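First the structure, in the form of C-alpha cells, and then the observations on it.
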2 protein chains.
Amino acid sequence: MVAKTPASPAFSRLLTLREQPLTYPKSLVELAYEQLLSMLVTMKIAPGAHIGIEALSRDLQISPTPIREALTLLEAQKLAYKIPNVGFRAADLLTGPEIDDLFEMRLLIEPKAAAFAALRSSQEHFDALTILSDNMARVAGGEETDYAQFAEGDARLHHLVAQASGNRFVAQTVEGLHVHLHIFRFLFRTNAPEQALQEHAAIVRALLARDADAAEGAMRDHLEASRQRMARALARHDVATPDREGSTPRRIDSSERCP
Amino acid sequence: MVAKTPASPAFSRLLTLREQPLTYPKSLVELAYEQLLSMLVTMKIAPGAHIGIEALSRDLQISPTPIREALTLLEAQKLAYKIPNVGFRAADLLTGPEIDDLFEMRLLIEPKAAAFAALRSSQEHFDALTILSDNMARVAGGEETDYAQFAEGDARLHHLVAQASGNRFVAQTVEGLHVHLHIFRFLFRTNAPEQALQEHAAIVRALLARDADAAEGAMRDHLEASRQRMARALARHDVATPDREGSTPRRIDSSERCP
DNA sequence: TGAGAGGGAATTCTATAGGATATTGGGCTT
DNA sequence: AAGCCCAATATCCTATAGAATTCCCTCTCA
C-alpha cells in the first residue's frame, strides 16, 4: 500500500487538547457511525446499495475494523443488513405498506406516551419541550424554511415527548422508529411546516396543561395528519416516476457502489 | 501465545461438509453472540459485571475481534453497555419500576398486535401457533415442568403473534422487549405454567376464530395477569432478601468477573 | 496520618496482514 | 448456440501485534 496520508495514528493526541476537556475525543467507531448515518440519511449511499468496507476505509481514512463495528451498529438499527461473507448493504427503501405499518406502530405508542407524559413528566422535560417548540416556530417562521432543520426538530420533539413519558422502553422504541423516517423526509420535502407546527403546538399545550386526554388526542391527530401527508407525497412521487411494478414505490435495487 | 489448540484457522473447512449444506457454517460472530446471550440469560455473567474481552477470547477460543462485534450487537439490544476505553458491562438488572414500564409498553403493543393478527394473519402463522401451543401444553402437562423450555415457548408464542400481525415494526419491537424478561424468568421461576397455558389457549382460540376483539382482550388479560404474577414474585423476593434501599429490587452492582 | 502525584501493569482500541469465501469471466462440452 | 464447469480476482472475515488510555499501587510531602 502506498503512503497516502499519515491518516489516523497519533492524531487523537491533537484532539485531546481542544475546547471541551469533558467531551471525549470520539472513538473512531463513533466517527464512522456518524458519517455512515449521515450518508445513509442523505442518500449519499443509495438504499440497497452495497457498502464496501475497504472503499469506506479509504474515503474516511479509517481502518476497516472500526468501520465494521459501526456497520454492525447500523445493522442492529435495521438501517443496514449483512450477508455473511458477502458484505453489508444499505437497507431497502421502505415500501408504501411498510410506511403505513410504521405509522400504525407509532399510533399504538406515541399517543399513549403523550398521555403518560402529561401525567408524569418532569418540569425539565417540559422546559426543553417549550424551548424546542419555540425554536421550531422561529425557524418555520423565517422566509426560507430549512426542511432538514425542521425535520430534525420534529424528531427531537417526538423523542422528547417519549422521554417525558418516563418509560424508558417507550422512549427507546420511538427513537428507533424515527430513524427510518429520516430517509423519506429527505426524499419528499413533505411535512408542511405550518400545519405540523400547529399540531405540535396543540400537543405541547395539552402537555403543559397536564391534560392527558387532550395530549393523547393531539398526538393522535398529528400522527394521522402526518400519515396522510406522507401518503399524498408518496402518491405524487408514484405519479412523477411511474414504474412497472404498480403503485408500490419502486425498490431501488441498485448494484451501484457508495461513493 | 502458546499453541493451546489449533482453534479456528481452517476449521471451517470441516464445517462445510456437514448435514445441511444450506445452513451456513455460523460465523464466529454468531457463535460468540449466542454464547454471550446464553451466558447473560442464565446469569453466568452477573448483571452489571464487567465483561473482559480477552478473558472471553480465552474461554471461547475466539479472537477478540468477533467477540467485540458480538458485544456491539448486544449493546444495541441494551443487554450490555459500553464505556469507551473501559470496556463492556452486562446490563443492570431491571428494577421494579422498570419491569412495570416493560409491561406497560407491552400492553400498548401486544393486544393490538393480537387484534391485527386475528384479522390479517396468514394460515402458516396460525399453523405454527397451534403446533406451538400444543407442544407447550404437552410440556407443561408432564410431571416435571421444564421452566426454561416453557419460558422459551412463551417467548416464541408472543413473537409469533407479533409476526402474525403482519407489521414488521411490531414484531421487531416485541422481540426486542422479550429478551429482557428472560433474565428475570431465570431468577424467579414464576409464570405459573397452568395459568399461563390457559391464557395462551384463550388467545390462540380467539385468533383462530379471527375474532379481533376477543384476541385483543385475551392478550390484555394475559399480560396483566403475567404482570401481577411478576409483581408478586418480586415482592416475595424482596422479602426474602431485604436490602436497605427500600422496596426496589436490589441492584447487583458486582464488580465481579464473569467466569 | 492522610492526600495527591507519579509510575507501572492491565486492558481496550486501532491497524495490518493472511486465510477463506463469493463472484465474475472465459473455456469447454453437449 | 446454450448451459455448465473451472479458474482468477476482489472482497470479506479472523487473527495478531502495536499504540493509547485507564486503573491501581506506591511513594512522597504536608
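Treat the numbers as computed from the prediction; the structure is a model and nothing was measured. Below, chain A is the first sequence line, B the second, and so on; all start at residue 1.
Between B:I67 and B:I62 the shortest heavy-atom distance is CD1-O, 3.8 Å.
Here C:dC13 presents its P atom at 13 Å from CD1 of B:I67, a figure rounded to the nearest Å. For the pair A:N85 CG and C:dG19 P, the interatomic distance rounds to 17 Å; values are reported in whole Å. Distance A:I53 CD1 to C:dT21 C1': 14 Å, rounded to the nearest Å. Atom CG of A:L71 and atom P of D:dT11 are 15 Å apart (whole Å). Protein atom CZ of A:R89 is 13 Å distant from nucleotide atom C1' of D:dT11, rounded to whole Å. Between B:Q61 atom CD and D:dT14 atom P there is a gap of 16 Å when expressed in whole angstrom units. What separates CG of B:L28 from C1' of D:dC12 is a distance of 13 Å, to the nearest Å. Following rounding to the nearest Å, B:E69 (CD) and D:dT14 (P) show an atom-to-atom distance of 7 Å.
Two residues, A:T65 and A:G87, neighbour DNA chain D, and the one matched to the more 5' nucleotide by heavy-atom proximity is A:G87. The residue among A:V86 and B:P64 whose nearest nucleotide of DNA chain D lies closer to the 5′ end is A:V86.
The B:S63 side chain lies nearest to D:dT14 when the options are D:dC13, D:dT14, C:dT16. Of the candidates D:dT11, D:dT16, C:dA15, C:dA15 carries the atom nearest the A:P66 side chain, counting heavy atoms from C-beta on. The B:V29 side chain lies nearest to D:dT14 when the options are D:dT22, C:dA15, D:dT14. Of the candidate nucleotides D:dC13, D:dA15, C:dT14, D:dC13 has the atom lying nearest to any side-chain atom of A:K82. The side chain of A:E54 sits closest to D:dT11 out of D:dT11, C:dA15, D:dA15.
Annotation for A:R156: atom CZ does not count as buried by contact number, only 12 or fewer foreign heavy atoms lying within 6.0 Å.
Within the structure, every pair that satisfies the salt bridge (charged side-chain N to carboxylate O under 4.0 Å, His left out) test and touches residues 72-83 of chain B, not counting sequence neighbours, is listed here: A:E69-B:K82.
The pair A:R120-B:E104 meets the salt-bridge criterion, since a charged nitrogen lies less than 4.0 angstrom from a carboxylate oxygen.
Within the structure, a side-chain polar atom (N or O) of A:R68 is placed less than 4.0 Å from OP1 or OP2 of D:dC13. Put simply, B:H50 has a side-chain N or O that comes within less than 4.0 Å of OP1 or OP2 on C:dT12.
For B:H180, there are no side chain to side chain donor-acceptor pair (under 3.5 Å) partners two or more places apart in sequence or in a different chain.
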